[in-house]
Student: 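Structure below; questions to follow.
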Amino acid sequence: MAFRRPQLAIFSPLPIFLFAYLFEEMSLHVLAELLRDPTAHAILLTIGMAILILPMIALSVWYHRNIKKTEGGRRLMGQQALTPPIVGSLSGFATGLSLGKAIEQGRYGDHARKMQHRVYWVTGLWFAALVIYFGLFIWADELNRPAQIPAL
């Protein structure tokens with residue numbers, strides 16, 4: 001019987017139930033009231049910036065460490081290294097698209113394709129988390145905006 005690594009805990013139902021329980025107990029207006037405090041707002045915004053940056057750094061490190069484990073991954077990274085990074089150029093974008101298509105077609109092996117699919121999923125979940133997190137900030141700022149008194 002082969003040893004299987006445990007799956008990431010984030011995909012288990014326990015964090016989802018815990019998150020739902022916390023938000024059931026805490027009214028969203030309590031969150032808006034908390035964000036009215038400038039110190040709490042700054043702390044939560046700093047946490048949001050960490051959510052914005054740190055997962056992509058971790059994903060990049062994970063990808064670069066693991067893609068080189070197979071011959072196809074080494075060929076892929078060699079092909080990517082041949083593309084000069086030109087800021088504002090569409091040629092680098094086109095090369096990235098062609099490499100993505102080649103990965104999907106299996107030219108660099110099954111390992112590279114599976115890793116690319118994981119990157120898609122993690123990036124999608126990261127984006128959804130950012131939308132929810134910063135959406136709550138926007139909502140709370142709108143709720144906490146002082147009411148305009150109409151001129152007579």
Student: Closest approach of M115 and N66, non-hydrogen atoms and distance?
Tutor: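 Of all heavy-atom pairs spanning M115 and N66, the closest is CE-CB, 3.6 Å.
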Student: Can you check whether T70 reaches Y108 side chain to side chain, under 4.5 Å on heavy atoms?
Tutor: no
Student: Please say yes or no: joined through hydrophobic side-chain contacts below 4.5 Å, possibly via intermediate residues, are I43 and M49 part of one cluster?
Tutor: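 Yes; M49 is reachable from I43 via cluster members.
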Student: Any non-hydrogen side-chain atom of L45 less than 4.5 Å from a side-chain atom of F134?
Tutor: yes
Student: For a quick test of reading the model, state the closest non-hydrogen atom pair linking A50 to P55 and the distance between them.
Tutor: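 Shortest heavy-atom contact: O-CD, 3.4 Å.
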Student: Please determine which of Q116, H117, H111 meets the side chain to side chain contact (heavy atoms under 4.5 Å, CB included) test together with R113.
Tutor: H117
Student: Using side-chain heavy atoms (C-beta onward) and a distance below 4.5 Å, is H41 in contact with R36?
Tutor: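 Sidechains of R36 and H41: no contact.
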Student: Would you mind checking if K101 and E104 are paired as a salt bridge, meaning a charged N to carboxylate O distance below 4.0 Å?
Tutor: no
Student: What's the spacing between I67 CD1 and L76 CG if we round to 0.5 Å?
Tutor: 5.5 Å
Student: Does any part of the side chain of R118, heavy atoms only, come nearer than 4.5 Å to the side chain of Y63, both counted from C-beta?
Tutor: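 Heavy-atom side-chain distance check fails, nothing below 4.5 Å.
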Student: For residues D110 and K114, determine if any side-chain heavy atom of one lies less than 4.5 Å from a side-chain heavy atom of the other.
Tutor: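 The answer is yes; the side chains approach within 4.5 Å.
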Student: Please check if the side chain of W126 supplies one atom and the backbone of I51 the other of a donor-acceptor pair under 3.5 Å.
Tutor: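 Yes; at least one donor-acceptor contact below 3.5 Å.
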Student: Indicate, with yes or no, if L125 and Y120 share a hydrophobic cluster defined by side-chain heavy-atom contacts under 4.5 Å among Ile, Leu, Val, Met, Phe, Trp and Tyr.
Tutor: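 Hydrophobic grouping puts Y120 apart from L125.
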Student: Measuring from atom CZ of F127 to atom CD1 of I132, what distance do you get when rounded to the nearest 0.5 angstrom?
Tutor: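 So the gap between those two atoms works out to 11.0 Å.
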Student: Using atom types as modelled and distance alone, determine if a side-chain donor or acceptor of S60 lies under 3.5 Å from a backbone N or O of M56.
Tutor: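 Such a contact is absent between S60 side chain and M56 backbone.
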Student: Is the side chain of Y133 donor-acceptor paired with the backbone N or O of L44 at a distance under 3.5 Å, no angle test?
Tutor: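 A pair under 3.5 Å: yes.
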Student: What about W62 and M77, same hydrophobic cluster or not, with Ile/Leu/Val/Met/Phe/Trp/Tyr joined at side-chain heavy-atom distances under 4.5 Å?
Tutor: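 Yes, it is one cluster - the side chains of W62 and M77 are joined through contacts under 4.5 Å.
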Student: For the atom pair CZ (R75) and CZ (R107), what is the distance rounded to the nearest 0.5 Å?
Tutor: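 With rounding to 0.5 Å, CZ (R75) is 10.5 Å from CZ (R107).
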